[in-house]
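Structure record follows, encoded as structure tokens.
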Amino acid sequence: MPELPEVETVRRGLEPVFTGSRLELVELRRGDLRFPFPPGFAARLAGRRVAALKRRAKYLLGELDDGETLIMHLGMSGSFRIDADDGRGVRHRAASTKAAHDHVVFHFASGASVTYNDPRRFGFMLLVPGAELAAHPLFAGLGVEPLGPELTPQRLASGLRGRKAPLKAALLDQRIIAGLGNIYVCEALHRAHLSPLRAAGTLVDAKGRPKRGLVDLVEAIRRVLGEAIEAGGSSLRDHRQTDGSLGYFQHSFRVYDREDAPCPTPGCRGHVSRVIQSGRSTFFCRECQK
DNA sequence: CTGTGTTCCTGTTCGC
DNA sequence: TGCGAACAGGAACACA
């Protein structure tokens with residue numbers, strides 16, 4: 001569920017609490033999430049100050065004052081909750097308080113605390129020296145940031161050239177563009193009027209240059225992600241922002257989870273189809289997505 | 001190298 | 001009403 005817009009929303013929510021703050025204690029309620037926590041994880045964090053909280057693709061990166069980077073991934077059901085201290089020693093728990101599946105609690109010297117909750121435990125946390133970050137297996141092969149200046153039609157053309165995989169699968173491939181997930185791929189393809197079934201390489205001409213549709217696709221990706229971030233992400237099931245409030249981009253879905261609904265493209269008489277591609281639901285309109 | 005399928009995990013939803 | 005099956009999905013991994 002958390003794709004790039006949700007992770008960015010979380011980052012923005014956590015930034016004021018994390019940045020410049022000193023970690024007093026990190027409480028681990030269990031020894032693992034998706035992977036075991038690295039040796040000495042909590043002890044290595046204690047006493048550290050967080051210099052900055054950044055994001056790369058769907059990863060949150062807490063840069064610490066000792067040069068290490070706290071890598072956090074929300075998997076698909078991870079969320080953070082901020083329990084702030086009002087300065088008078090009174091703790092305010094966010095509205096969505098739920099003790100079950102609270103796996104990690106970051107206690108800051110300021111009195112604020114941040115709790116990581118993850119029912120499905122697909123998320124994980126690691127601690128790696130900043131200098132090793134770029135070479136780390138998780139990051140070494142990662143593709144371009146879809147909202148950064150590197151994502152251009154030409155760049156995407158190089159990534160898709162010659163690929164026979166369906167466009168849907170290619171866009172989910174984090175080695176090409178990093179940060180897109182099932183929802184936003186479906187939404188971007190609909191906005192660009194491109195079929196998820198089409199072979200990815202057909203958007204590139206013989207000289208390796210982007211065809212018209214690819215230019216539209218880059219624009220659609222940027223627009224849909226940007227709008228979703230502005231909306232605070234999408235709230236499916238129980239996904240919430242750090243303050244407990246709900247993102248509302250799900251109301252702007254044109255095709256995702258809308259099987260059989262009339263296609264929202266103006267003038268299009270089609271309906272939303274659902275097919276399975278590489279084991280995942282794809283939603284699209286056969287009439288206006290070619 | 002490329003493309004596809006499986007797996008991890010648990011809560012929610014759906015059909016009988 | 002109850003129960004099991006299907007589903008959700010990021011990314012590592014296995015495999016043809």
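Sequence lines set the chain letters: A, B, ... in the order given, protein chains first and strands last, and positions in each chain run from 1. These numbers come from the heavy atoms of this one structure, side chains and all, not from hydrogens, waters or symmetry mates.
- Proximity note for Arg121(A) (side chain, C-beta onward) versus dG3(B), dT10(B), dA11(C): the nearest is dT10(B).
- Rounded to a whole Å, the NZ atom of Lys164(A) is 17 Å from the C1' atom of dA16(C).
- Taking atom CZ of residue Phe283(A) and atom P of nucleotide dA8(C), one finds them 6 Å apart after rounding to whole Å.
- Of all non-hydrogen atoms in Ala170(A) and Ala200(A), the two that sit nearest each other are CB-CB, 3.7 Å.
- Distance Phe122(A) CZ to dT6(B) P: 15 Å, rounded to the nearest Å.
- A sub-4.0 Å separation between OP1 or OP2 of dA8(C) and a side-chain N or O of Ser281(A) is present.
- At the phosphate of dG11(B), OP1 or OP2 sits under 4.0 Å from a side-chain N or O atom of His101(A).
- Separating the CD atom of Gln277(A) from the P atom of dC7(C) is a distance of 16 Å, rounded to the nearest angstrom.
- Below 30°, between 30° and 60°, or above 60°: for Tyr59(A) and His73(A) the angle between ring planes is above 60°, a perpendicular geometry.
- Distance CG (Asp32(A)) to C1' (dC9(B)): 11 Å, rounded to an integer number of Å.
- No side-chain donor-acceptor contact under 3.5 Å links Ser77(A) and His101(A).
- Residue Arg274(A) has no polar side-chain atom (N or O) positioned under 4.0 Å from OP1 or OP2 of dA6(C).
- Within 4.0 Å of Gly279(A), counting heavy atoms only, lies no atom of the nucleic acid at all.
- Proximity note for Arg34(A) (side chain, C-beta onward) versus dG10(C), dG11(B), dT4(B): the nearest is dG10(C).
- Whole-Å rounding puts the Arg120(A) CZ to dC7(C) C1' distance at 10 Å.
- Remark: aromatic rings of Phe283(A) and Phe253(A) are distant, center separation not under 6.0 Å.
- Under the Watson-Crick or G-U wobble criterion, with both distances below 3.5 Å, dC1(B) has no partner in any strand shown.
- Under 4.0 angstrom from either OP1 or OP2 of dT2(B) there lies no side-chain N or O belonging to Arg163(A).
- Taking for each of Arg280(A) and Pro166(A) the nucleotide of DNA chain B with the nearest heavy atom, the 5'-most of the two is the partner of Pro166(A).
- Place Arg30(A) and Ala169(A) on DNA chain B by their nearest nucleotides, and Ala169(A) ends up nearer the 5' end.
- Using a 4.0 Å cut-off, some side-chain N or O of His73(A) falls inside it from OP1 or OP2 of dA11(C).
- Rounded to an integer number of Å, the gap from Arg175(A) CZ to dC13(C) P is 13 Å.
- No close placement of the Tyr116(A) and Phe106(A) rings is indicated, their centers lying 6.0 Å or farther apart.
- Per the geometry, CG belonging to Leu33(A) stands 16 Å off C1' belonging to dA12(C), to the nearest Å.
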